[in-house]
Amino acid sequence: MHELVLSTGEPLNLYHTLSCGQAFRWAYDKSWWTGVVGDRVIRCRQDGCHLFYTGTTEAEILDYFAIDLDLPKILASIEKDRLIADAILRCRGLRILRQPADECLFSYILATCSNIPMIKRRIALLAACAGKEIVTPDGAYHAFPTAEAIAAMDEDCLRGCKLGYRAAYIKETAEIIAANPGWAGRIASLSTDEARDVLQEFRGIGPKAADCILLFAFARYDAFPVDVWIRRIMLRHYLHENEVRSFSPSEYDRIRHFARGYFGPYAGYAQEYLYCIRADEPSLPTCRGPSSADRRPVPR
DNA sequence: CTCCAGGAGAGGG
DNA sequence: CCCTCTCATGGA
């Protein structure tokens, strides 16, 4: 059992950090979080500024949770209005992780058009099927499969993981990654915009997944992923527009560029805090239903 | 049954 | 640029 004492300048909230939907391999049970990162099973528990953990080193904890970043300064820089201020108040200590690049890439190929419990289940099945077994005193776990292991999976095994149409995408990407182990280094050397374009050359990676990967694995905090929840929040609270039916690529870019200009270079942090309070938004936006009194007419 | 969920690809106007 | 269809899955 190791212990890390956080200073007041290094706020961390394990709950918000590990349950906000950026990483999919953590589970909470009886005040302990257990997760698989790389080929390690990490357990951790927080008691105020005391962080207890097993299964890894202090250096890796500091890196994974990005404890070196000045979170109060980042949060101050994005606190531009009452809505984001409220999100910061309620989710303070949420930190954007530095995830292993391969895991993050594959995870967000599998994340399209799903909810978080389904994504976690999908990845757990994939790991059980093709990931290296990790035996701990508390039970056996499976590492996230390597690109080689995914590329080698047969059709039956892939189908058993319930990946749906995503199976072909992840397999094709795994073959490319396995043949190009330096892919992450190349991405890291590019500008955010260039890296974004290169990531979208993988089949199954579009604008949203590319932004998630840049934010959660490459520390590009200016990346601003726009999913259906963030779109709803941004249109309602910032752009004052009705939600029309289709979500076009140009609308994605409009939201993304507004957010980058409004929140600044840590817009990705603002995104994650807004995502964290997404359940507060009415599920039906203003434009649905003929009885919505305050909607503006939408030209068709 | 319909609708939705951390979308993306393909095709057509 | 725009739109629509389709992909596969499970929960509500």
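Chain naming here is simple, since letters A, B, ... match the order of the sequence lines and numbering starts at 1 in each. All values below were derived from every heavy atom in this structure, side-chain atoms included, with hydrogens, water molecules and symmetry-related copies excluded. From a predicted model like this one, the values you see are computed outputs, not experimental measurements.
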- Please state the C1' separation for the pair dG6(B) and dC3(C) - nearest whole angstrom. 24 Å

- Quick one: label Gly21(A) by what it contacts on the DNA or RNA (base, sugar-phosphate, nothing), any heavy atom closer than 4.0 Å. base

- Message: Ring centroids only, cut at 6.0 angstrom: are Tyr273(A) and Phe263(A) within range, meaning strictly under it?
- Response: no

- Identify which nucleotide among dG6(B), dC3(C), dG10(C) has an atom closest to any side-chain atom of Arg278(A), counting heavy atoms from C-beta outward. dG6(B)

- Query: Which of the following nucleotides, dC3(C), dA5(B), dA8(B), is nearest to the side chain of Ser246(A)?
  - Reply: dC3(C)

- Nucleotide nearest Arg203(A) (side chain, heavy atoms from C-beta), chosen from dC3(C), dG6(B), dA10(B): dA10(B)

- Task: Compare all side-chain heavy atoms of Asp63(A) with those of Asp68(A) and state whether any distance is below 4.5 angstrom.
- Result: no

- Between dG6(B) atom P and Leu97(A) atom CG, what is the distance in whole Å? 18 Å

- Message: Should the side chain of Tyr165(A) and the base of dG7(B) be counted as holding a donor-acceptor pair, with the cut-off at 3.5 Å?
- Response: yes

- Choose from dC3(C), dG6(B), dG10(C) the nucleotide whose nearest atom is closest to any side-chain atom of Gln271(A). dG6(B)

Which side-chain N or O atoms in residues 87-94 of chain A pair as donor and acceptor under 3.5 Å with protein atoms at least two apart or in another chain?
residue	atom	partner	partner atom	Å
Arg90(A)	NH1	Asp86(A)	OD2	3.3
Arg90(A)	NH1	Asp280(A)	OD2	2.6
Arg90(A)	NH2	Asp280(A)	OD2	3.0

- Task: Provide the Watson-Crick or G-U wobble partner of dA10(B), both distances under 3.5 Å; none if there is no partner.
- Result: dT4(C)

- Task: Could you check Phe202(A) against Ser114(A) and say which one's nearest nucleotide on DNA chain B is further toward the 5' end?
- Result: Ser114(A)

- Message: Distance check needed: dG6(B) P versus Phe24(A) CZ, whole Å only.
- Response: 9 Å

- Using atom CG of Leu163(A) as one end and atom C1' of dG10(C) as the other, report the distance to the nearest whole Å. 14 Å

- For Ala167(A), answer base if it contacts any base atom (sugar-phosphate contacts may also be present), sugar-phosphate if it contacts only those atoms, and nothing otherwise; contact means non-hydrogen atoms under 4.0 Å. nothing

- Query: To the nearest angstrom, how far is Ile119(A) atom CD1 from dA8(B) atom P?
  - Reply: 12 Å

- Query: Would Tyr275(A) count as stacked on dG6(B) if the rule is ring centres under 5.5 Å and plane angle under 30°?
  - Reply: yes

- Applying side chain to side chain contact (heavy atoms under 4.5 Å, CB included), run through Phe106(A) and Leu126(A) and close with a yes or a no. CA-CA 11 Å; Phe106(A) 292 128; Leu126(A) 181 72; 5.6 Å; no

- Query: Of the nucleotides dA5(B), dC2(C), dG7(B), which one has an atom closest to the side chain of Thr112(A)?
  - Reply: dG7(B)

- Item | Distance, rounded to the nearest Å, where Trp229(A) contributes CH2 and dG6(B) contributes C1' | 10 Å

- Report which part of the nucleic acid Pro117(A) touches: base, sugar-phosphate, or nothing (heavy-atom distance under 4.0 Å, all strands). nothing

- Message: Is there a side chain to side chain donor-acceptor pair (under 3.5 Å) between Ser248(A) and Ser250(A)? Walk through the geometry before answering.
- Response: CA-CA 5 Å; Ser248(A) 65; Ser250(A) 63; 3.1 Å; yes

- Query: To the nearest angstrom, how far is Asp211(A) atom CG from dG7(B) atom P?
  - Reply: 13 Å

- Message: Can you confirm whether or not the ring centre of Phe202(A) sits under 6.0 Å from the ring centre of Tyr169(A)?
- Response: no

- Classify the nucleic acid contact of Cys212(A) as base, sugar-phosphate or nothing, counting any heavy atom under 4.0 Å across all strands shown. nothing

- Item | side-chain N/O Arg166(A) vs dT6(C) OP1/OP2, d < 4.0 Å | no

- Using the P atom in both, what is the distance from dG10(C) to dC1(B), to the nearest Å? 16 Å

- Item | For atom CG of Asp227(A) and atom P of dA5(B), their distance in whole Å | 9 Å

- Could you give the NZ-to-C1' distance, from Lys120(A) to dG6(B), as a whole number of Å? 14 Å

- Query: Base, sugar-phosphate alone, or nothing: which one does Glu251(A) contact when heavy atoms must sit under 4.0 Å apart?
  - Reply: nothing

- Query: If you look at every strand shown and take non-hydrogen atoms under 4.0 Å, does Ile230(A) touch a base, only sugar-phosphate, or nothing?
  - Reply: base

- Task: For this output row, return yes or no: ring centroids of Tyr262(A) and Phe224(A) closer than 6.0 angstrom.
- Result: no

- Taking atom C1' in both dC3(B) and dA8(C), compute the distance separating them and give it to the nearest angstrom. 15 Å

- Query: Looking across every strand, which nucleic acid part, if any, lies under 4.0 Å from Lys208(A) by heavy atom: base, sugar-phosphate, or nothing?
  - Reply: base

- Query: When you measure from the side chain of Ser250(A), which nucleotide among dC1(C), dG6(B), dG10(C) comes out closest?
  - Reply: dC1(C)

- Message: Can you check the distance between dT4(C) and dC4(B), where both ends of the measurement are the P atom (answer in whole Å)?
- Response: 15 Å

